[in-house]
There are 2 protein chains.
Amino acid sequence: MINIKITIKDVAKRAGVSISTVSRVINDSKPVSDEAKQRVLDAIKETGYRPNQLARGLVLRKSNIIGMIIPDIANPYYAAIVEGAEEIANMYGYTLLLCNTHGELDKEIEYLNLMADKQADGLVFMTGKLKSEHVDWFKNAEIKTCFINLYSRELDIPMVSIDNYNAVTEAINYLISNGHVKIGMLYAPDVDDLLQEERLRAYKEALKNHGHEFDEDVVSECRFSIESGYVKTKELLNNKKVDALLLTNDVAAIGAMKAATEMGYRVPEDISIMGFDDISFSAYYQPSLTSINQPTYDMGAVATRMVIKQIAGEQVEKMILLPHKLVERESTVKMSNNI
Amino acid sequence: MINIKITIKDVAKRAGVSISTVSRVINDSKPVSDEAKQRVLDAIKETGYRPNQLARGLVLRKSNIIGMIIPDIANPYYAAIVEGAEEIANMYGYTLLLCNTHGELDKEIEYLNLMADKQADGLVFMTGKLKSEHVDWFKNAEIKTCFINLYSRELDIPMVSIDNYNAVTEAINYLISNGHVKIGMLYAPDVDDLLQEERLRAYKEALKNHGHEFDEDVVSECRFSIESGYVKTKELLNNKKVDALLLTNDVAAIGAMKAATEMGYRVPEDISIMGFDDISFSAYYQPSLTSINQPTYDMGAVATRMVIKQIAGEQVEKMILLPHKLVERESTVKMSNNI
DNA sequence: CTGAAAGCGCTTACAG
DNA sequence: CTGAAAGCGCTTACAG
């Protein structure tokens with residue numbers, strides 16, 4: 001039984017001790033005689049007393065809240081990250097305050113201020129593109145933060161990500177080694193900020209290294225949604241024929257497969273389609289999607305752990321790049337099999 | 001600029017007024033002379049003062065926190081519900097405290113207690129099956145709550161859901177009207193509790209009403225995951241042949257389509273597969289999935305609104321059943337087309 | 001319109 | 001080992 005109406009005073013009175021003593025047994029902060037302790041414990045059990053975290057937070061200057069600000073919880077990529085974050089936060093006695101911004105700057109700043117107001121001890125922050133308003137905010141905020149997929153030279157905030165340059169390089173090399181020549185890419189330049197620039201750079205350089213020429217007609221932007229992948233793929237394929245198409249997120253890649261199929265392409269016989277992220281649906285799609293696996297759960301978990309370390313006053317790494325992995329499935333194929 | 005180190009005292013000193021006056025202009029709670037108000041506003045702007053919500057919450061007995069306890073944020077069904085909840089909570093000045101239980105009772109009770117400790121003003125609660133431990137907890141808790149997909153006769157807690165009996169009836173009638181005779185069902189008896197019982201009852205009665213006999217070999221349990229749908233479908237189809245298969249959630253239905261395809265069935269030519277929930281992926285799967293649409297976003301939004309109404313002391317409905325809708329797509333087909 | 005004081009429910013030096 | 005007191009940062013009667 002619990003009863004939040006009961007205060008430390010009630011417990012003290014019932015146990016016949018002072019509130020100081022009650023506090024000491026609750027927190028095990030100073031020695032208390034066995035007898036007094038027992039009486040306090042009994043009183044707590046009988047009354048259903050629970051310490052008020054608001055009051056405790058006020059004096060301790062600790063809310064045990066970690067904020068999580070992300071674009072969209074309904075996107076499985078973010079959902080997996082949140083899951084990892086929640087698990088670790090919980091493990092260390094923190095609670096996750098979830099904020100969905102839909103990538104709107106106003107909402108982001110509003111939520112950032114909210115974190116300050118709520119005295120959040122820490123923050124995991126994700127957004128599409130780090131803007132000057134974000135940087136300004138973080139410059140004079142003192143909240144312990146970890147970014148995911150965001151990097152700023154001006155800010156001394158650690159970040160967790162994968163090595164996007166290498167990941168895209170591997171993806172393109174893989175497609176090239178499968179015999180593809182005309183390789184298109186749909187990427188989201190306003191998502192993940194300079195990580196996407198890295199991805200574009202990796203794409204260009206991988207082509208170059210294999211003597212393939214860059215054709216801007218087969219590279220286009222696309223948002224982080226099934227719909228966008230669907231629409232943009234139709235646009236691209238209406239314009240030019242490609243052997244293979246890399247999407248920089250799986251959600252869009254699923255839209256792309258639908259689009260290609262509707263346009264009469266067989267995947268992978270007529271066109272190889274490759275994603276990025278490896279969300280859980282990708283393995284079950286038909287055809288199952290070749291993708292670059294991002295350790296999303298771990299990214300959320302590690303970022304949260306870094307926040308907690310900072311709260312504890314520990315030193316943390318400036319940047320952690322978690323391992324990615326190319327997962328080969330049915331949506332891509334070797335050209336030699338492809339008469 | 002914001003600075004959480006600044007307190008109301010600092011602002012008062014700078015503005016040359018008492019903290020009472022500062023409080024009054026912040027909250028617009030009592031008349032303050034224009035001149036004093038201006039000085040306070042200036043001081044706030046200059047210092048970057050933000051009221052400490054912990055302190056305010058302590059005296060007002062209001063945390064502006066709404067808890068959201070769900071099984072699994074990584075499941076898109078729950079993610080969509082959370083999205084609706086977050087939107088409404090935010091709109092009314094509340095913040096969502098997200099808790100992932102994986103359906104474990106211990107975690108659920110732990111989180112429930114946490115909500116009390118944090119002085120959460122309200123709570124949206126979901127779990128597979130309402131157990132006596134839950135009921136006991138809610139019986140002597142005073143937190144304003146709304147259930148989603150849960151019903152208890154013993155508790156006076158409102159709930160939001162859809163009419164599951166009618167939804168399944170429509171689904172089965174639809175399959176029967178398409179000419180299917182042997183219709184299997186995979187349902188999750190430990191999820192959504194008596195809602196699933198309703199679904200089973202609807203299934204049986206719909207068959208009966210059309211003179212079809214109930215065959216327990218083609219009805220089985222399955223969990224709320226892709227993997228489970230995949231495994232259970234293989235089991236079922238290895239045992240018996242069916243014309244059509246209804247899964248009571250889309251995630252499992254996607255696993256089922258994969259399983260059926262791997263076993264050499266063409267969907268829908270050899271077997272119609274139908275889901276339930278209509279998550280966003282279902283429209284893009286190949287073949288796209290016929291399903292019963294649940295208004296998940298609205299369910300989260302309405303449940304949260306009901307919590308907020310209760311906090312405001314308003315009367316709320318005991319039960320709100322939101323409209324569902326059968327969405328016909330490619331994974332089901334009329335038998336007549338099916339030579 | 002304004003301020004001093006009490007109080008929200010805790011923790012923690014301080015003195016014993 | 002124990003308690004009275006001060007204080008965390010606010011709000012709000014109360015008195016003027």
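As the structure is a prediction and not an experimental result, all values here were calculated from the model. In the text below, chain A, chain B and the rest are named by the order of the sequence lines, each starting its count at 1.
Listed by residue number, there are no residues of residues 3-13 of chain B with a heavy-atom contact under 4.0 Å to DNA chain C. Shown for residues 45-58 of chain B: residues whose heavy atoms fall under 4.0 angstrom of DNA chain C, namely B:L58. Residues of residues 27-35 of chain A that place a heavy atom closer than 4.0 Å to DNA chain D, in numerical order, are A:P31, A:V32, A:S33.
Looking at residues two or more places apart in sequence or on another chain, you find no ring-ring contact (aromatic ring centres under 6.0 Å, His included) involving A:Y49. With sequence neighbours excluded, no residue forms a ring-ring contact (aromatic ring centres under 6.0 Å, His included) with B:Y297. When the side chain to side chain donor-acceptor pair (under 3.5 Å) test is applied to A:E317, no partner is found at least two apart in sequence or on another chain. For A:E133, there are no salt bridge (Lys or Arg N to Asp or Glu O under 4.0 Å) partners at least two apart in sequence or on another chain.
Annotation: side chain of A:L96 is not in contact with side chain of A:N90 (no heavy-atom distance under 4.5 Å). Between A:V160 and A:M299, some side-chain heavy-atom pair lies under the 4.5 Å cut-off. Put simply, the side chain of B:L98 reaches to within 4.5 Å of the side chain of B:I70, judged on heavy atoms. Using a 4.5 Å heavy-atom cutoff, the side chains of B:I69 and B:M115 are in contact.
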Encoded 5' to 3' (Watson-Crick or G-U under 3.5 Å; [ ] crossing; | other strand), DNA chain C becomes |||.||||||||.|||
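Sorted by first and then second residue, the salt bridge (Lys or Arg N to Asp or Glu O under 4.0 Å) pairs with a member in residues 32-42 of chain A read A:E35-A:R39; sequence neighbours excluded. Applying the salt bridge (Lys or Arg N to Asp or Glu O under 4.0 Å) test to residues at least two apart or on different chains, the pairs with a partner in residues 136-150 of chain A are A:K139-A:E154, A:E142-B:K5. Applying the salt bridge (Lys or Arg N to Asp or Glu O under 4.0 Å) test to pairs two or more places apart or on separate chains, those with a residue in residues 48-57 of chain A are A:R50-B:D117.
Contact footprint of chain B on DNA chain C: nucleotides with an atom under 4.0 Å from a non-hydrogen protein atom, first to last in 5' to 3' order, C:dC1 to C:dG9.
With no hydrogens or angles considered, no side-chain donor-acceptor pair links A:Y92 and A:K309 at under 3.5 Å. Using modelled atom types, one finds a donor on one side chain and an acceptor on the other under 3.5 Å when comparing B:K62 with B:Y94.
When the C1' atom is used for both D:dT12 and D:dG16, the distance is 16 Å, rounded to whole Å.
Classification of the A:F125-A:F147 ring pair by plane angle, with boundaries at 30° and 60°, yields tilted.
Across all strands shown, B:T21 has heavy atoms under 4.0 Å from sugar-phosphate atoms exclusively, and none from any base.
By the 4.0 Å N-to-carboxylate-O rule, A:K129 lies too far from A:E108 to be salt-bridged with it.
Comparing B:R61 and A:S20, the nucleotide of DNA chain C nearest to each residue sits closer to the 5' end for B:R61.
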